[in-house]
Each structure stands twice: as structure tokens, then as C-alpha cells.
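What follows is one structure encoded as C-alpha cells, with my remarks underneath.
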Amino acid sequence: MVTRRELLLGTAGGWLLERAWAGEAAGSAPDTLTALTGKKPLIRRSFRPPNFETPLAELAAPFTRNDAFFVRYHLAVIPQVDPAAWRLQIAGASAQHPLTLSLKELRSGFEHVSVAAVNQCAGNRRGLFTPRVPGVQWGNGAMGNALWRGVRLRDVLQRAGVAPGALEVVFDGADTPVLPATPDFLKSLPIERALDENTLIALEMNGQPLPHWNGAPARLIVPGWVATYWVKHLTSIRIEPQAFDGFWMKTAYRVPTGAFPGSRFTSQESAETTPVTELMVNSLITSHVSGARLPRGERAELAGKAWDSGAGIEGVEVSADHGQSWREATLQRDLGRFAWREFRFPLDTSKAGPLGMSVRARSRDGAKQPDKLTPNPSGYHDNIVQTVSLEVA
Amino acid sequence: MKAARRRAAVLLTSLALAGASALLWGAGAEESVQLKDAPGRDLTTGRCIICHSLEYIQSNAPAMNRAAWQKTILKMKDRFGAPITDEEAKQILDYLDSSYSGKS
């Protein structure tokens, strides 16, 4: 339902089709759908830098379409990278033989591998936090699952020679700030994670070259870790013997030390705060939203996705009585331990009245979704049990 | 400039032919996002849009109060290098707090 306006808007970046919807709101205002060039209309959180969220309906497929995949930038100067002119520099104080690769050299010089993995913003669902916290007010759609294909970061680093004593690897992309005084968006990974066989430099997403808005021509893929590390439009990789002290590591993307489970990034840790790292076990109902009405006596099924940081999903439980009793949902095809796993559960539509359905995923590492949010100032890691309030009538 | 105008004319023609029901064409789509009219709006708009569009202000309102806006303005000024004088920072704070503080 178009509720407010339907506009065709022109920008330097191309054409935008905008519709205002009274949508599944994360914030107080109705969601507005706007199409970036090459994308379907997505939930617009901001024009510039572009922050666009995937609508729930697009999260029902096993792999999230490239033209529906969420877009997240911190800095507003985003060049359209010319693949022929693009170069990737691998250097740093712990690189024994610094090198520069063209796209052709990167593509032809290393083994190609694929990984299906969830790419989820650390602040996904921030807009659902109570009490509210500042930041981009994401709903459920700052995430997606894709088949990423490229080369192993490890192979590229080893070509450059990793010196003993290497501690972190620092990544920079082609996007830059408007003002020179604004910290450029650089991220680092612990050397062990950079050398993990699953960490890739991706050139393709779901069988297609990476879309511009998702990091063309090459981006980092860090399966199991939050999307802030998945640096887009990669231009520089530095192997360093000391901890990187940029703003986006030392100040942003941090949580209270010890507040969450998951990998520690010890070279970046302080007594008070530590970088947000791995995804928490989580799930999302994609088949229904609160307020949906189910015809009495008609067959209906609850469906959604569950994921974690790579141990894999062991099971998904569903409760129809606000968590007093739980039953196992049926898990669908396993797309890989870093991907999400679809679950299905038959809904009881035999009696008229309200039907509250809660979903709780558990990981093979023993972690379960909690009932209560762990407060943190930046609004990360919302993985609490989700309940949809349905009505059988 | 001339080329841009010609391109605009072509686009407008093709859109009219396409039967677009409503049309708004400006330098940028983000100009459709405007802040509330109150003293300090123009200064706030002018400083903030150097780096970002204005939905950031609107969507964050429910999470903000005077102290949170003060913290944000200082972050933009001191960490992100926004060219804001101390006097302007105070005016921007008054505007944002009176128009966009939704947190009790």
C-alpha cells in the first residue's frame, strides 16, 4: 500500500524510485522504500552515506538477492571503481615482499573458493532496542545470506610473506570521508583470523560480480564475524606487528569487555571495552509479522532462519505459550555452517483467538538465544527470542 | 550546465511519456528530507549536510535527549572534524534538543 507519495527522483547516482510505506517499523516513522541504482526498493535509513535495509519478504529465500541485499556505509565519498584501473596493495611492516595486484592477477593467480555466509551488521535491530540507543535505526534487515566466491586472504598474505611477529592485518577500501579530518574507514583483524581458510577476498556474490553497493570489485568476507570487518572496495591490506589504532577500531564498534561470548580480539582489548567480533546465535521469523491474521482451520506454517558464528545450528525451538513449553521446528537444507538455516513449524489454527509464537535457536556450541537484551551503548548483538503475535479468526 | 539542462529536459519528456503520476526533480533526492522549521534549522542543516543526509537526525530523535545531542555534536566536531564553532555548537544543540529530543 502506497500511503504517502510515489516519486521519481533524479540524482547524480542515477534514478531512484521512492515509495513511502506504512511498514514493519523499526522506528517511530513509517519505513520508506527507495531504490538505489541497481537495487530494488529497500528500506531507506539514510540517503548519504547510503544505508538501506532489506525488507523482510526478501529474507525468506535461501540466498538473498544481490539487488535486495542491504547497503551500509560510514563515509559518503564512494567512487565507482574501474575494474581495469583497480589495484590491491599488500604491504605493511610485517609483509616480507610487498606486492600490488591487478584484478586480473588476483583472479588468475590464486585458487578460487566459495563460502555461503551470513553478512550481518553489528547494529542489526538497533532500532528495536529498549531503551533506544543512537545510531542507524536498523530493523531486522541489516543482514543477508549469500554465496561468496573469491580467493583466500591467506593465500594472498602468504604471497606477500607474513613475517614472524605479525599481529594484525589492516584493511582499507576506496570509500573516503567528505572532510579530510574525518577518520577514514579502516578495519583490522587478528592475524589468526586473517589466516583462517574461510576468510576470503570475494569477487563474486551469488554467481555474479559484486554489486557496486556491496563492495565491487573486491571485498573482504569474514564468515562468522559481524559485517563491519567485511571491508568493501578493498584497496589496501597491511600486515602489521602492532595493534592498529584507527578510530573505527579503538573507538567505534566496541562492546563492554566480557559482556558477550565469542572470539576475543585481544590486541584491541582494554579493561573497559573490546571490539564486537563474532555473530551471536540468532533467528528471524520471515513468514509472519505481528498482527497477521490466519484463517481458522486452514493449514499454516511458521518459517524463518537461524544462524550463528559458524558452529552451525543444532536446533530451533518454537513456543506457543510464551516460553513455558518448547517444541522442535524442522530444519531445512544445510547450506553450510556459516550460512543461515531455514526452519519450519506447523501453526495450530484449530481455535480462534490470539496466537503468540516464539522462536529460539541453539548453536552446536551450546549457545541459546536469550530472553533479555544485554545492554550496550552502541546497540549491538540483539539476539533475544522473537515473538510474533498472530490472530486466528 | 547546458548539457545537464538538456538531459533534464530529455528525462522530463521521457517521464511524461512514461506517464509518471507525480514528479519531483532536483539536484539530489535527499533534498526531500527536511528538518523541522524552528530557529537554528538553517545552521543545523548547513553544517550537518556537509557529511550526511538529515534522516540521521530524524530517526535518532527517539533515542536522544539534550545530553545525547551534546555528545553527538562534540563527536562530529572533535572526532569527525565538522567545521562548527563553539557558538554554533550551542545554537545547534538548542535547535536539536528542542526539535529532536524524544527520549524522556
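Not measured: the values here are computed from a predicted model. For the numbers below, each heavy atom of this structure counts, side chains included, while hydrogens, waters and symmetry mates do not. The chains referred to below are lettered A, B, ... by the order of the sequence lines, with proteins before strands, and numbering in each begins at 1.
Between B:Tyr56 and A:Pro49 the shortest side-chain heavy-atom distance falls below 4.5 Å.
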Residues B:Leu54, A:Phe47; criterion side chain to side chain contact (heavy atoms under 4.5 Å, CB included); working and verdict: CA-CA 8 Å; B:Leu54 300 169; A:Phe47 272 117; over 6 Å; no
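Here CD of B:Glu30 is found 12.0 Å from OG1 of A:Thr34. Values are rounded to the nearest 0.5 Å. Taken to the nearest 0.5 Å, the CZ atom of A:Arg44 stands 7.5 Å off from the OG atom of B:Ser53. Interatomic distance, CZ of B:Arg79 versus OG1 of A:Thr182, reported as 11.5 Å (0.5 Å rounding). Put simply, OG on A:Ser46 and CG on B:Asn60 are 10.0 Å apart, with the number rounded to the nearest 0.5 Å.
In this structure, B:Pro83 and A:Leu179 approach most closely via the heavy-atom pair CD-CD1, 3.9 Å. Closest non-hydrogen pair, A:Arg132 versus B:Ser59, comes out as NH2-O, 3.9 Å.
A:Arg48 places a side-chain N or O within 3.5 Å of a backbone atom of B:Ile49 that can act as its donor or acceptor partner.
The number of heavy-atom neighbours closer than 6.0 Å to NZ of B:Lys36, taken from other residues, nucleotides and ligands shown, is above 12.
Ranked by heavy-atom pairs under 4.5 Å with chain B, the first of A:Ala76, A:Pro131, A:Gly135 is A:Gly135.
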